[in-house]
Amino acid sequence: MTQLALVIDLNVCVGCQACVTSCKEWNTSGSAGPMVDQNPYGADPTGTFFNRVQTFEVGEFPNTETVHFPKSCLHCEDPPCVPVCPTGASYKRKEDGIVLVNYDKCIGCKYCSWACPYGARELDEQQQVMKKCTLCVDRIYDTSMAEADRKPSCVLACPTSARLFGDVHDPESAVSLAIRESGGYPLMPEWGTHPANHYLPRRKTRIKIHEDELERADNPLKVDRQLPRPATNEPTLDDFTTW
Amino acid sequence: MQAVKPSVPPLQEVKTTTCYMCACRCGIRVHLRDGVVRYIDGNPDHPLNKGVICAKGSSGIMKQYSPARLLKPLKRKAGADRGAGDFEEIEWEEAFATLAERLGKIRATDPKKFALFTGRDQMQALTGMFARQFGTPNYAAHGGFCSVNMAAGMIYTIGGSFWEFGGPDLDRAKLFVMIGTAEDHHSNPLKIALSKFKRDGGRFISINPVRTGYSAIADEWVPIRPGTDGALLLAIIHEIIATGLYDREFLVQYSNAGQLVNMAESNDEFGFFVRTEVPTEEACYEPQDKLWWDRNTDRAVVTHQKGADPYLLGEFTLSDGTPVKPAFQLLQERVSDYTPEWASQITGISAATIRQLAHEMGVTARDQKIELPIAWTDSWDNEHDTVTGNPVAFHAMRGLAAHSNGFQTIRALAILMSLLGTIDRPGGFRHKAPFPRPIPPCARTPNDPRAVQPNRPLDGMALGWPSDPDDLFVNDDGSPVRIDKAFSWEYPLSVHGLMHNAITNAWRGDPYKIDTLLIFMANMSWNSTMNTAEVRQMLNDKETEGPNTGEFKIPFLVVCDAFHSEMTAFADLILPDTTYLERHDVMSMLDRPISEFDGPVDSVRIPVVPVSGDCKPFQEVLIELGTRLKLPAFVTKEGERKFRDYPDFVVNWETEPGSGIGFLAGWRGKGGEKFLRGEPNPNQWEMYEKNNCVFHYELPKSYQYMRNWNKGYLEWSQRNRITRYAEPILIHIYSEVLQRFRGAAQGKGLTRKPPEHLRKRIDTYFDPLPFYYEPLEGQVTDRHKYPLAAVTQRPMAMYHSWDSQNAWLRQIHTHNYLYVNTRTARQQGIEDGDWIWVESQWGKVRCMARHSEAVEPGTVWTWNAIGKAAGAWNLTPDANESQKGFLLNHLISEELPAGGSARVSNSDPITGQAAWYDVRVRIYKVGAGETAVTSPQFAVMKPYPGMKTRSSILAFLGMKQK
């Protein structure tokens, strides 16, 4: 069974917010739109976003890590938002595992957003329906688009290609490989939601310099007669001892 | 698989053009539905961004349809104050007639009384030409207050620089060191490369007072105190030389490290390279007439002689008794006291870390060499079977540049990169066409005030690259010719001008008064100015004595902008510009193209939607004005209009009749069969349009590296008129250009001499070898009273002041905080989110503090240009940008005291680079009961006639309603 998902590589995410606005741009006028903005030009503007990047610090100076953390619906394999929905508006597609909301059935009761431990759902204050990431379901199967374009907008936009998209149930897929080989992990597994989206952790590259690498046989200072060597006129035993 | 039926009408049309949400210039595809922009994504077939797009690029829709757009030409109502924003709509004909009459009179009398300064520097091919044709020397783009130190410091050393000029080859590098980098520039290519580099196992070190953005994913973050990068780099050079980790062979062949410098102090030639008697042509390149001391024969020989190998260290005596030393010996002496322990005290970085940095760089460069199987021939006819790379790459930008010691700091960086043998080699630094240039590049300003004549074009370029004091653009008494005092003894190498002093100087009448100031796309009454409140006053000040009493001190102010910026409020005449989606543009080889490491690239913008309202692209304004003023380039001999419009100009204009060189390099020749040089092609635009709006010429592999000394490349470049000479471009470890100025200050030689009051300044700062000095503002600041450095950073999702009107981007950065190290804040009793005062010796700002562990304890910082004046950019007066957002600019002065009543620009004494990041501050909690609003506040800006009203709810192109 297919389970489409995003795998987000925190090792290369620089927090540029490209995924945030490309998502907004595609979806506000796409089938999941509009994504309404209230007070767009006034105080405390607030709008619907399916995807947001949170930035936080870990550790104390100078051992600080600054983490950029993109967050959207994780398309859980066992989504708590689905069973709580009184109208059946919130549902998980069997064929690809995408969790969607049917706006025609949604009554805006917010049960699903209370049930979601990840805070991934946003109520459209104007339309009073719940909205969330669709994995750009209106792109990925659209055969009028070139094959390379049939990916979520955020994945195509990401300048560091930190967002991988594919079937996490297919062990040969790029996303499965990344999870397996780069330590991919789900968020808050203790909730038993089995999120389909995974994150890849930071990895550090270090260089070990051995002491003998600084002592060189081919030291260019030697060529220029400048290897540290005391001058012949400096005091030595020769000045004091006759033997 | 069940497909979700798209419930929205399909995209009907896709057009390609070039983004302009920042200066990065990515290729984009604009998808339209019923003629409205529905979606913008990255063009996968574009060499720069390869299909990706950033947060700004995707938000272009919100710029296009922003209610902050200016849609009608406007003139200030008679009697209204500048800044009050009282305008009336006029037609373009009135605007043109007004301008043509006023500028015509100026041109016929004293052309320098017209000044043109532009916020953008990627349109200089046209704006610079217009100014020159007009005959005014008073022209510059924003480089002087942006990053001119980065351009000048590196171009005067290696003949190229970062960003548009060159960059780190992360494809091949093993170690990448990023120091002081802004995150809004060249962002997508850098992000693409950085990610690939990390995934390929490269090691990434970030040296920065703050850990945000790119630094967040660094393998190691090295926090440094602002303005001390020079000390760090010099200590690394010290360690590299002391351990012998430099690339001797590279330095010998490709730099002036082995060249002998005259050490006879009493001699006029002291400090200059010793030359052979061979007479050479007077030209813009360096003749190969210097000497080495040959190890094999133990005597002086002409450099690069077959079989010779110079000593890099030691001291020698020529047969005529002249004592000489190789330049490298002088460098070693210079850095002998710059020990890691010394630098540790200044930078706050431990000596062990400084050594570790030097060792990682040196050992990686030496032991992980790359040999590419590419044969090439050097300028001395030595044939090489391979291209060698030492895979250590650097990137640096404004963090180094925006200090008054930035030029020498960046010289130190370029020298370090050269010691490691990384210049235009795989895995190191690589040039982008038309770089490398000779050191310095050949363009010169006039050097005589008589170059400015009524009704005549300027006899020379308005901006250039001085190589000695005789190139300065000064009057006979040594005083500046230009309004910004660029190319004068105050800032001799100010190759990008000093836009940041233009208004103050014009207001004060020092060096003289002007009549008309035309500002294009620069927010000089807000974030683009160092002393915002004072500049706003200056723009509104009137003469109180003399014949012009009651007139504005700057009599006529014209602003061209697409948006309701703070600056427009001060204009007498507003010219509404188009957006980037509505215009033709060129990213020209005559300016700053988007070239790649592998060869020249230029690109265009082609309109994808019709012009809104009565907007007009600034280029069309200049073509029309040039035609009305009958500037020679724009009219026939009979004085008739030569170009229908800007696209016509781009196709048909040539640098000189028949030169075959024009704004665009691609598809030249009658049928589009030529490139770089060829007759005008009437179908050139169509050919760009068919080819993703981009022309990319890939050089043969053997011409892609070592281009400073690559005979094949240099001759190719010469044949294609990219450069006049094919002489090798040796790296200036030792800068004779700087020595020429210092020599003049010491009274030596036949060149012009500086005025007495600047003699010491020139002598001190024009050191031919890099040195560290405390930034100038620090030297006149009570460090005890103002213990903290204050700097700004650029968020990746906002470009300068430009995007606050953008409904989506402003939700990401609605207001800014002052980030303070948690312990520093607590020492002052400041908790996270507290309102505080930030005070410098020049001014104070009230804002909110945010604790951070990702900032060095002696530094506070904020995002640049998020704060806005109330009502500006057509935001509501209570918008967060003005009520909680703030500018650090209020704390920064554009001038420093220079003894007595004299004042000097708060800039690098060599290049005039605005020293934004030198300011010192203190912070303290606000008093009880103080209002929770940022300070200072200004009168609310109102919308202008012709602007759209802003909506309170935005459901952009929402198709599916419940």
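Below, each value reflects all heavy atoms present in this structure, side chains not excepted, and no hydrogens, waters or symmetry copies. Throughout, a chain's letter reflects where its sequence line sits, starting with A, and its residues are numbered from 1.
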Quick one: list whatever passes ring pair (Phe, Tyr, Trp, His ring centres under 6.0 Å) with H169(A), sequence neighbours left out.
none

Which atom pair, heavy atoms only, marks the closest approach of P40(A) to A807(B)?
CB-CB, 3.8 Å

Can you name the nearest heavy-atom pair linking A18(A) to I53(B), along with the distance?
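Of all heavy-atom pairs spanning A18(A) and I53(B), the closest is CB-O, 3.3 Å.
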
Is [X] close to chain A through its backbone or its side chain, or both, or neither, when contacts mean heavy atoms under 4.5 Å?
{"X": "P877(B)", "value": "neither"}
{"X": "F328(B)", "value": "neither"}
{"X": "I192(B)", "value": "both"}
{"X": "D247(B)", "value": "neither"}
{"X": "Q883(B)", "value": "neither"}

In plain terms, say whether [X] and [Y] are close enough for a salt bridge, that is, a side-chain N and a carboxylate O under 4.0 Å apart.
{"X": "R199(B)", "Y": "D9(A)", "answer": "yes"}
{"X": "E213(A)", "Y": "R366(B)", "answer": "no"}
{"X": "D219(B)", "Y": "R203(A)", "answer": "no"}

Given 3.5 Å as the limit, does a donor-acceptor pair link the side chain of [X] with the main chain of [Y], or not?
{"X": "K204(A)", "Y": "A218(B)", "answer": "yes"}
{"X": "E57(A)", "Y": "E853(B)", "answer": "yes"}
{"X": "S195(B)", "Y": "V12(A)", "answer": "no"}

Enclosure of E249(B) CD (heavy-atom neighbours >12, cutoff 6.0 Å)
no

Side chain to side chain contact (heavy atoms under 4.5 Å, CB included) assessment of E25(A) paired with D41(B)
CA-CA 9 Å; E25(A) 178 196 34; D41(B) 60 0; 5.7 Å; no

Heavy-atom cut-off 4.5 Å, strictly under: side chain, backbone, both or neither for [X] against chain B?
{"X": "C19(A)", "result": "neither"}
{"X": "C158(A)", "result": "backbone"}
{"X": "D124(A)", "result": "neither"}

Most heavy-atom pairs under 4.5 angstrom with chain B, which of [options]?
{"options": "R202(A), R52(A), E125(A), M35(A)", "result": "R202(A)"}
{"options": "N39(A), V223(A), D149(A)", "result": "V223(A)"}
{"options": "G15(A), S153(A), A148(A)", "result": "S153(A)"}

Could you state the interatomic distance from [atom1] ([X]) to [atom2] ([Y]), rounded to the nearest 0.5 Å?
{"X": "S952(B)", "Y": "D37(A)", "atom1": "OG", "atom2": "CG", "value": "11.5 Å"}
{"X": "M145(A)", "Y": "H31(B)", "atom1": "CE", "atom2": "NE2", "value": "7.5 Å"}
{"X": "S59(B)", "Y": "K24(A)", "atom1": "OG", "atom2": "NZ", "value": "9.5 Å"}
{"X": "L194(B)", "Y": "T160(A)", "atom1": "CG", "atom2": "OG1", "value": "8.5 Å"}

R38(B) and S29(A): side chain donor to acceptor below 3.5 Å:
yes

What I want to check is whether the side chains of Y39(B) and S22(A) have a donor and an acceptor closer together than 3.5 Å.
no

If you tally heavy-atom pairs under 4.5 Å against chain A, which of E220(B), Q332(B), R810(B) wins?
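Option with the greatest count: R810(B).
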
Under the side chain to side chain contact (heavy atoms under 4.5 Å, CB included) rule, what do L954(B) and Y41(A) come out as? Steps first, then yes or no, please.
CA-CA 9 Å; L954(B) 186 66; Y41(A) 304 107; 4.3 Å; yes

Residues passing the side-chain hydrogen bond (donor to acceptor under 3.5 Å, both in side chains) test with T46(A), sequence neighbours excluded, are none

Side-chain touch N821(B)/F61(A), heavy atoms, less than 4.5 angstrom
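N821(B) reaches F61(A) side chain to side chain.
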
